[in-house]
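Structure first, then comments.
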Number of protein chains: 2
Amino acid sequence: MKITNQRNTILKFLKDNQNHPSVEEIFEKVKRTLPRTTKATVYKNLKTLMIHDIIKEVNIKGVSRFEAKIDPHHHIICKNCGKIIDFESEELRNFALQIIGKQKDFTIDSAETNFFGKCNMCDDSK
Amino acid sequence: MKITNQRNTILKFLKDNQNHPSVEEIFEKVKRTLPRTTKATVYKNLKTLMIHDIIKEVNIKGVSRFEAKIDPHHHIICKNCGKIIDFESEELRNFALQIIGKQKDFTIDSAETNFFGKCNMCDDSK
DNA sequence: GTACGTGCAAATGATTTGCGTTAAG
DNA sequence: CTTAACGCAAATCATTTGCACGTAC
């Protein structure tokens with residue numbers, strides 16, 4: 001895999017942002033430094049980076065969002081606005097894997113928990 | 001919300017199938033009994049049923065799939081073919097909610113774990 | 001120098017919308 | 001009767017593709 005400016009910019013952006021940006025947001029960011037960049041290039045790069053297991057896609061409320069692949073972690077998702085933040089807990093992951101144990105139809109190698117609720121911005125009671 | 005043949009067929013299909021069918025699969029099923037049905041109708045119904053919290057959408061490898069909303073549960077997903085099966089564990093859910101505790105930026109009300117691996121069909125080592 | 005990446009435009013595929021007609025309550 | 005749902009075609013939106021040209025290595 002070659003290291004190009006476009007590719008580097010995308011990856012750096014994802015590493016600096018725990019925001020799980022959408023394709024649109026990534027595209028806007030890259031264009032700021034490399035104005036001739038097109039969405040097709042962004043899509044191609046995201047795909048390549050995913051194939052090489054460097055980034056990961058998460059789908060929130062029908063929108064594709066991306067994160068630089070760091071240690072396994074969980075997500076807290078706002079059911080209203082789609083905001084998503086990371087939550088680390090190896091303990092939870094181990095508990096999940098232990099509780100599921102051996103499955104006759106599946107060989108399981110990872111577990112991730114999604115927490116759903118409302119962020120403070122969307123929570124009317126606050 | 002009116003009860004129509006199309007709507008009923010979709011809902012019954014989802015209740016009878018733990019397969020998490022895609023829009024295409026649901027459409028094919030409905031057409032068998034009600035041949036004039038179009039995809040637009042299927043989409044409209046899926047949206048309506050979701051708004052009324054009767055069904056739920058899950059996105060697997062970029063494909064929208066649907067399930068009749070039953071008790072909260074977890075998913076086991078094949079990273080290769082996208083096959084998905086349900087896994088019940090109130091214990092896991094409670095553990096997750098307990099471990100996350102109070103969050104300053106979020107009011108959390110549910111937790112669901114996704115397990116990833118390979119199903120027997122896709123697992124070469126079997 | 002060669003293969004991979006980029007930029008562009010066109011193609012595809014999924015989902016939505018508008019609107020006249022039909023059917024549920 | 002009245003309003004929501006249906007069926008159809010057209011529109012929109014996200015994502016992919018093909019290809020000529022550029023650039024990393």
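Below, chain A is the first sequence line, B the second, and so on; all start at residue 1. Not measured: the values here are computed from a predicted model.
Counting heavy-atom neighbours within 6.0 Å of A:Met121 CE, excluding the residue itself, gives a total of 12 or less.
Looking at B:Leu92, B:Asp86, B:Ile85 one by one, the single match for side chain to side chain contact (heavy atoms under 4.5 Å, CB included) with B:His74 turns out to be B:Leu92.
At whole-Å resolution of the value, CG in A:Asn5 and P in D:dG22 are 16 Å apart. For the pair A:Arg7 CZ and C:dC4 C1', the interatomic distance rounds to 8 Å; values are reported in whole Å. As a whole-Å value, the separation of A:Met1 CE from C:dT6 P is 11 Å. When rounded to the nearest whole Å, the span between CG of A:Asn8 and P of D:dT23 equals 16 Å. One atom, NZ of B:Lys2, and another, P of D:dT2, lie 13 Å apart when rounded to the nearest Å. The distance from atom CZ of A:Arg65 to atom C1' of D:dT15 is 17 Å, rounded to the nearest whole Å. If you take CD1 of B:Ile3 and C1' of C:dG25, they are 10 Å apart, rounded to a whole angstrom. Atom CG in A:Asn59 sits about 18 Å away from atom P in D:dC13, given to the nearest Å.
The side chain of B:Thr4 places no N or O atom within less than 4.0 Å of a non-bridging phosphate oxygen (OP1 or OP2) of C:dA23. Put simply, B:Gln6 has no side-chain N or O that comes within less than 4.0 Å of OP1 or OP2 on C:dA23. Side-chain N/O atoms of B:Ser64 include one lying less than 4.0 angstrom from OP1 or OP2 on C:dT15.
DNA chain C lies under 4.0 Å from at least one heavy atom of each of the following residues of residues 34-47 of chain B: B:Ala40, B:Tyr43, B:Lys44, B:Lys47.
Note on B:Glu24 versus B:Arg65: no salt bridge recorded, every NZ/NE/NH1/NH2 to OD/OE distance being 4.0 Å or above.
Counted by atom type alone, A:Glu57 and A:His20 present zero donor-acceptor pairs between their side chains at under 3.5 Å. In this structure, a donor-acceptor pair under 3.5 Å is present between the side chains of B:His73 and B:Glu67.
A:Phe115 approaches B:Ala96 most closely through the heavy-atom pair CE2-O, 3.4 Å.
Note that CG of A:Leu97 and CD of A:Glu90 are 10.5 Å apart. Values are rounded to the nearest 0.5 Å.
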